[in-house]
Amino acid sequence: MNIKDTTLYKFLIVLLALASIPALFGGVMEPDGALYASMSKNIILFKDWFNLYGRGADWLDKPHLTFWISAASFKILGISSFAFKLPSFLFGLLGAWYLYRLARAIYDEKIGLISAVIFLSALHIITSTFDVRAEIYITTFTLASIYHYYKAHQGSFWHIIGGSFFAACAILIKGIFILIPVFAGFIIYWLITKQYKQLLKPKWYIAIALIFVFIIPELYSLYTQFDLHPEKIVFDRTGVSGLKFFFWDSQFGRFFNNGPIKGKGDISFFLHTTLWAFLPWSVLFYTAFVNLFWKKNRIKMAPESIIIWASAAITFLIFSLSKFQLPHYILIIFPQFSIITALYLRTLKGKNLKIFFVVQNVIFILVITLLLVLTFVFGFDYPYLILLILLAVLALAFLLFKGISLETIIARSAFLSVGLMIFLFIFFYPAILKYQSGMYAGNWLKENYPTAKPAVLNYIDAFSFDFYAPGEVKYLHSYADLDKTKNTKDLVIYISETELLKMKSEYNAEILKSFEYFHTTKLTGKFLNAKTRSKVLEHFYLVKIH
């Protein structure tokens with residue numbers, strides 16, 4: 001395909017965006033996505049934008065903005081999985097645009113376009129388009145803040161307001177720790193280039209002041225829901241301060257593992273996470289990162305490159321040292337990873353170009369082979385259609401883009417990601433979500449018993465049922481709670497198999513419908529194999545008391 005390289009990259013960006021659209025029409029996945037969706041639903045049901053409720057109780061973990069965005073979408077479009085996913089999809093595209101703008105401002109248009117292609121085609125960005133969490137929002141807001149502060153650093157004071165607004169938005173998604181990837185790169189850049197006066201310039205202190213002005217709605221919400229009500233039981237104790245949790249426990253408490261939410265850290269966790277999460281670019285990225293250790297390679301870059309790699313390095317180090325680690329955290333610095341990889345790609349020539357031409361082709365063929373094996377092991381409904389589509393993507397990539405060149409490497413890698421999107425969004429995710437019983441139970445109830453008063457008994461992780469069931473879902477934490485509500489008209493209860501015998505013998509419960517369940521975000525070989533799947537499935541039921 002003989003077209004101008006920048007035109008090719010623009011075409012790939014559009015293709016990747018279009019290939020992401022089917023994700024909008026899939027179900028909302030447990031646990032995090034469905035939890036956030038159900039909490040956003042509660043905002044609309046209760047007409048309360050300041051107090052957050054999840055699992056039938058006051059909820060204190062992440063700040064409000066994720067839920068405000070989703071609830072605003074529900075208000076406009078109605079409560080649905082499409083309305084929940086659409087804002088995240090649009091903010092992901094906004095993030096790609098800001099990535100392009102930042103890379104173009106520091107380098108040139110070509111680096112900006114290549115960075116955007118890499119970002120949109122990275123595996124964890126693809127999966128996050130379907131399994132919506134808070135990290136896409138954080139990534140975009142953090143990146144937008146860095147871009148505006150970079151323009152402010154160049155002398156445009158009005159960008160201080162934009163940078164501070166987006167930094168505040170990032171804080172309102174995740175917490176105060178997010179200022180590290182925003183400011184770390186700038187501070188290290190000023191120190192290395194001996195621009196010490198920048199640390200004393202009033203505009204940066206104005207920027208910090210503006211951030212705190214912009215987060216006032218969050219502080220007010222936390223104060224009124226928790227600090228004014230020390231009698232509330234949160235984290236199994238009373239006297240919990242929402243403000244203290246926001247500024248300390250949710251961030252530093254997790255890092256030092258002395259807060260109410262604890263984890264187990266592994267210093268190598270994000271090293272091997274990046275290896276799969278940043279596919280098909282991870283081998284290139286690791287090579288690019290190692291390449292930064294040679295001074296002669298850094299000298300060839302624009303001095304402002306320090307802002308990019310320092311921000312990524314400091315954040316990656318903090319994540320690795322933290323005791324609370326989840327794979328999707330790494331998304332926050334994918335934009336920096338994308339620029340670092342794009343810069344290295346542009347330097348490839350001769351022997352190195354040939355090596356990575358082979359590496360990317362091997363990755364392409366291995367991934368397609370793995371997907372084909374999974375297709376027949378899992379037992380999809382239309383395996384030969386999947387086979388045809390994947391082989392067509394492979395053939396198109398290799399027939400349209402020939403020769404050992406930068407453009408071929410980028411185009412084939414992007415086509416691999418398009419193939420992944422088609423496989424995941426149209427076939428794989430819909431197939432595994434058949435075993436997300438809460439979603440199917442909620443939809444069944446909505447269609448067959450719309451006047452039902454739904455409840456959950458002795459199970460606090462029924463997030464998809466909470467979201468998809470009609471109206472408010474009551475959480476019954478004990479049989480004493482059930483005794484208080486069992487005479488409610490049209491009461492329908494969602495229960496696990498462990499509760500079924502007692503419900504039938506002591507409460508004369510009638511089974512309305514049974515559903516198969518598997519924890520779909522913790523896939524195992526036995527589940528993926530159609531021959532052994534039945535051995536690992538659990539069962540949930542909708543029952544009515546007579």
Side-chain angles (χ1 to χ4, degrees), residues 23-89 128 130-137 173 221 225 234 261 328 429 433 435-447 449-450 452-477 481 485 491-496 515 517 519-521 540 542:
L24 300 177
F25 300 94
V28 178
M29 292 186 73
E30 293 180 343
D32 288 1
L35 172 62
Y36 299 163
S38 65
M39 291 173 62
S40 304
K41 170 188 172 183
N42 288 338
I43 289 175
I44 301 300
L45 291 181
F46 303 156
K47 297 178 180 179
D48 184 351
W49 293 74
F50 292 107
N51 298 293
L52 292 179
Y53 299 99
R55 298 170 170 171
D58 290 281
W59 195 83
L60 179 62
D61 186 359
K62 288 182 175 64
H64 285 61
L65 188 54
T66 303
F67 314 106
W68 285 338
I69 292 171
S70 302
S73 183
F74 290 160
K75 189 76 174 175
I76 297 167
L77 300 173
I79 298 173
S80 67
S81 57
F82 176 82
F84 177 66
K85 291 186 175 190
L86 181 62
S88 176
F89 171 73
S128 296
F130 192 98
D131 184 13
V132 172
R133 302 168 186 257
E135 274 63 32
I136 288 292
Y137 295 118
I173 296 286
S221 300
Q225 185 172 6
V234 186
I261 301 175
H328 47 271
Y429 281 131
L433 283 181
Y435 303 96
Q436 188 169 278
S437 60
M439 180 178 77
Y440 275 83
N443 281 328
W444 186 90
L445 206 57
K446 195 182 296 180
E447 293 169 9
Y449 204 153
K453 299 293 186 296
V456 178
L457 175 64
N458 288 339
Y459 187 68
I460 63 169
D461 294 333
F463 306 135
S464 61
F465 179 72
D466 197 335
F467 176 61
Y468 284 100
E472 180 190 355
V473 174
K474 295 288 186 183
Y475 280 73
L476 310 175
H477 299 289
D481 289 341
T485 59
L491 178 68
V492 177
I493 310 169
Y494 180 68
I495 62 170
S496 66
F515 305 89
Y517 171 78
H519 195 307
T520 52
T521 55
F540 280 77
L542 286 176

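Bear in mind the structure is a predicted one, so any value in this text is a computation, not a measurement.
In terms of heavy-atom proximity, Ala441 sits nearest to Tyr494 at CB-CE1, 3.7 Å. Between Gln225 and His64, the shortest heavy-atom contact is OE1-NE2, 4.4 Å. When all heavy atoms of Thr521 and His519 are compared, the closest pair comes out as OG1-CE1, 2.7 Å. Closest heavy-atom contact between Met39 and Gly54: CG-CA, 3.8 Å. When all heavy atoms are compared, the tightest approach of Pro31 to Phe463 is O-CD1, 3.4 Å. Nearest heavy-atom pair, Leu476 versus Ala455, reported as atom, atom and distance to 0.1 Å: CD1-CB, 4.0 Å.
In this structure a side-chain-to-backbone donor-acceptor pair under 3.5 Å is present from Asn42 to Tyr53. No donor-acceptor distance shorter than 3.5 angstrom exists from the side chain of Asp466 to the backbone of Ala462, with no hydrogens or angles considered. With hydrogens and angles ignored, the 3.5 Å screen pairs a side-chain donor or acceptor of Thr485 with a backbone N or O of Asp481. Proximity of a side-chain donor or acceptor of Lys41 to a complementary backbone N or O of Phe467 within less than 3.5 Å is detected.
Under the salt bridge (charged side-chain N to carboxylate O under 4.0 Å, His left out) criterion, Lys474 pairs with Glu472, sequence neighbours left out. Scored by the side-chain contact (heavy atoms from CB on, under 4.5 Å) test, Pro454 finds Leu445, Phe465, Ala469, Val473 as partners (sequence neighbours excluded). In this view, Asn458 and Tyr479, Glu499 satisfy the side-chain contact (heavy atoms from CB on, under 4.5 Å) rule, not counting sequence neighbours. Every residue two or more places apart in sequence or in another chain that forms a side-chain contact (heavy atoms from CB on, under 4.5 Å) with Ala23 is listed here: Thr129, Phe130, Phe425.
Leu52 contributes atom CG, which lies 11.0 Å from atom CZ of Phe46 (distance to the nearest 0.5 angstrom). Rounding to the nearest 0.5 Å gives a distance of 14.0 Å between CH2 of Trp444 and OG of Ser437. Taken to the nearest 0.5 Å, the CG atom of Leu24 stands 7.5 Å off from the NZ atom of Lys85. Taking NZ of Lys62 as the start and CD1 of Ile173 as the end, the distance is 10.5 Å to the nearest 0.5 Å.
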List the steps, then state whether side-chain contact (heavy atoms from CB on, under 4.5 Å) holds for Val28 with Tyr468. CA-CA 9 Å; Val28 178; Tyr468 284 100; 3.7 Å; yes
Using side-chain hydrogen bond (donor to acceptor under 3.5 Å, both in side chains), reason through Ser464 and Tyr440 one step at a time and then give a plain yes or no. CA-CA 9 Å; Ser464 61; Tyr440 275 83; over 6 Å; no
Carefully, step by step, assess Tyr429 and Asp131 under the rule side-chain hydrogen bond (donor to acceptor under 3.5 Å, both in side chains). CA-CA 9 Å; Tyr429 281 131; Asp131 184 13; over 6 Å; no
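Sorted by first and then second residue, the salt bridge (Lys or Arg N to Asp or Glu O under 4.0 Å) pairs with a member in residues 43-56 read Arg55-Asp461; sequence neighbours excluded.
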Below 3.5 Å, can you tabulate the donor-acceptor pairs from side chains in residues 69-79 to any protein atom, sequence neighbours excluded?
unit_1: Ser70; atom_1: OG; unit_2: Thr66; atom_2: O; d: 3.2
unit_1: Ser73; atom_1: OG; unit_2: Ala83; atom_2: O; d: 2.5

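Between Phe515 and Phe540, the distance from one ring center to the other does not fall under 6.0 angstrom. If you look at Phe67 and Tyr36, their ring centroids are closer than 6.0 Å.
None of Val456, Leu542, Leu457 except one satisfies the side-chain contact (heavy atoms from CB on, under 4.5 Å) rule with Ile493; the exception is Leu457.
Ring geometry for Phe50 versus Trp68: interplanar angle over 60°, hence perpendicular rather than tilted (30 to 60°).
In this structure, the side chains of Leu35 and Trp59 come closer than 4.5 Å at one or more pairs of heavy atoms. No side-chain heavy atom of Phe89 sits under 4.5 Å from any side-chain heavy atom of Ile136.
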